[in-house]
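Have a look at the structure below before the remarks.
So you know, we letter chains A, B, ... as the sequences are listed, proteins then strands, and number each from 1. Small disclaimer: the values here were computed from a predicted structure and weren't measured. All heavy atoms count here, side chains included; hydrogens, waters and symmetry mates do not.
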2 protein chains.
Amino acid sequence: MTSEARAGEAKGGEEWTARQRDVLDAALRLMVEEGDNLTMAGVARRASCSKETLYKWFGDRDGLLVATVQWQASKVRVVPVDPGRVDVDSLTESLEGYARDWLKVIASDTSIALNRVAVSHAGSGKDNLGAIVLENGRFALAKRLKPVLDAGKRAGHLAFEDAETAFRTFFGLVGRDVQIRLLLGDWPGLTEAAIAEDAARATRQFLALYGARKEQ
Amino acid sequence: MTSEARAGEAKGGEEWTARQRDVLDAALRLMVEEGDNLTMAGVARRASCSKETLYKWFGDRDGLLVATVQWQASKVRVVPVDPGRVDVDSLTESLEGYARDWLKVIASDTSIALNRVAVSHAGSGKDNLGAIVLENGRFALAKRLKPVLDAGKRAGHLAFEDAETAFRTFFGLVGRDVQIRLLLGDWPGLTEAAIAEDAARATRQFLALYGARKEQ
DNA sequence: GCCGAACCGTAACGTACGGTACGTTTCTTG
DNA sequence: CAAGAAACGTACCGTACGTTACGGTTCGGC
């Protein structure tokens with residue numbers, strides 16, 4: 001898979017029934033608790049449904065995992081909106097907000113669990129999982145941030161050639177080593193306060209790199 | 001585990017025999033090919049040894065995994081050296097070199113495989129693996145880079161309060177989204193040329209943020 | 001109230017794999 | 001060269017788990 005051939009945009013079309021959503025929620029909670037070694041019997045027990053139903057609805061274990069990840073994905077889907085024109089203060093505030101949200105997401109239990117499962121799966125089976133997680137994490141953030149960056153550029157507050165490159169720099173300044181450390185079981189101490197501080201620092205650094213000079 | 005309670009500094013003391021190293025190399029190759037779902041029988045077959053020997057030497061499956069990761073770790077161990085005084089050009093060259101090396105490492109098959117296995121393991125068993133991988137990746141890089149940053153600061157070419165924070169910024173500027181995308185099965189197109197370019201860009205940006213102003 | 005479909009709970013099957021046992025072979029050492 | 005240790009190959013055991021099968025139950029529609 002290349003970065004061009006992206007994920008399947010979550011479940012493309014049909015939706016889940018209420019009961020099915022409950023089952024998927026149970027699977028999700030179990031995934032947070034047990035990681036990749038959750039068991040079909042475990043999900044059935046937790047969701048108070050029969051294994052036969054699981055197989056009928058989701059095909060096999062992989063199908064259940066994919067559906068679970070897509071289900072979580074569909075819960076946080078956000079439509080990108082073009083902010084039009086912005087002043088420098090609201091731009092800063094906006095960037096800082098995105099940074100805070102992002103750090104909060106990648107530090108959350110569900111995000112860590114989902115990424116763990118997806119990483120575990122990336123090597124073997126049909127690696128849909130990795131693509132889905134990526135599409136809903138890193139790529140979703142990019143889609144939401146690009147309009148903001150473009151607006152900042154149009155308003156003359158940001159200066160960059162390629163929005164993608166600028167975004168990746170922002171991504172790096174915000175995330176740094178946090179995600180990999182969390183996935184590997186380390187705890188970089190991300191309290192609410194630390195997140196706010198990190199977001200502010202990252203935004204400040206980003207503006208230092210890409211902000212149009214005031215005296216120009 | 002916190003970032004204070006670090007890993008076990010590779011195998012602390014005793015060493016492996018040549019034959020044992022061969023076996024560990026076989027396990028390592030198999031890990032690159034099969035990820036976490038490598039099997040004891042598979043390693044035995046690949047290494048042309050008996051399963052009984054594996055259990056005698058490494059205790060159990062987890063022991064084998066840990067030993068394999070430590071073995072790979074011991075192969076790339078580098079001692080940090082204080083560069084003393086540096087001029088700005090050699091500092092830049094040095095940073096760029098570290099950035100190139102780091103990108104090359106995290107894009108390598110073995111690094112991806114090791115990180116995948118460690119991430120998969122982080123949730124369940126005794127998570128030594130994550131700590132070891134972290135200790136040999138991200139923390140090793142920090143240990144090698146800190147003296148360089150400090151030297152740059154002493155020489156008046158860098159300005160920062162906390163070396164750790166400065167390092168993490170450098171880490172973020174270099175790695176950006178590369179590692180997580182690779183772990184999730186995406187391929188951000190890291191050719192030799194792209195790596196060199198990325199390293200140069202990251203270094204340039206880092207110096208823009210932390211380089212002492214020339215006109216000051 | 002009856003019928004069929006969907007679903008629950010559970011039992012059963014097959015297999016993969018971690019771990020152990022054991023007879024045979026190879027290597028070391030005196 | 002002989003004796004013992006180490007290691008090889010393989011067969012074996014137990015269990016966990018994915019998957020299937022089946023009898024009982026609920027429920028919407030006629």
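- For the pair A:Thr39 and D:dG18, the criterion of a side-chain N or O lying under 4.0 Å from OP1 or OP2 is met.
- One finds no side-chain N or O of A:Trp57 lying less than 4.0 angstrom from the OP1 or OP2 phosphate oxygen of C:dA6.
- Listed by chain and residue number, A:Asp25, A:Ala26, A:Arg46 satisfy the side-chain contact (heavy atoms from CB on, under 4.5 Å) test with A:Arg29 (two or more places apart in sequence, or in another chain).
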Please tabulate the protein-to-nucleotide N/O contacts below 3.5 Å involving nucleotides 21-28 of chain C, giving atom names and distances.
from, atom 1, to, atom 2, distance (Å)
C:dC22, N4, B:Glu52, OE1, 2.2
C:dC22, N4, B:Glu52, OE2, 3.1

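- Looking at residues two or more places apart in sequence or on another chain, you find a side chain to side chain donor-acceptor pair (under 3.5 Å) between A:Arg168 and B:Asp177.
- Remark: A:Asp198 engages A:Arg176 in a side chain to side chain donor-acceptor pair (under 3.5 Å) (not counting sequence neighbours).
- At a threshold of 4.0 angstrom between heavy atoms, the contacts of B:Leu38 are confined to the sugar-phosphate backbone, with no base atom among them.
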Bracket notation of DNA chain D in which parentheses pair within the strand, [ ] cross earlier pairs, and | pairs with another strand (Watson-Crick or G-U, under 3.5 Å): ||||||||||||||||||||||||||||||
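- With a 4.5 Å cut-off on side-chain heavy atoms, A:Leu209 and A:Leu173 count as touching.
- In this structure, a donor-acceptor pair under 3.5 Å is absent between the side chains of B:Gln205 and B:Tyr210.
- Every side-chain contact (heavy atoms from CB on, under 4.5 Å) that A:Asp162 has, sequence neighbours left out, goes to A:Glu164, A:Thr165.
- Considering only side-chain atoms of B:Arg61, the nucleotide from C:dG18, C:dC7, D:dT19 that sits closest is C:dG18.
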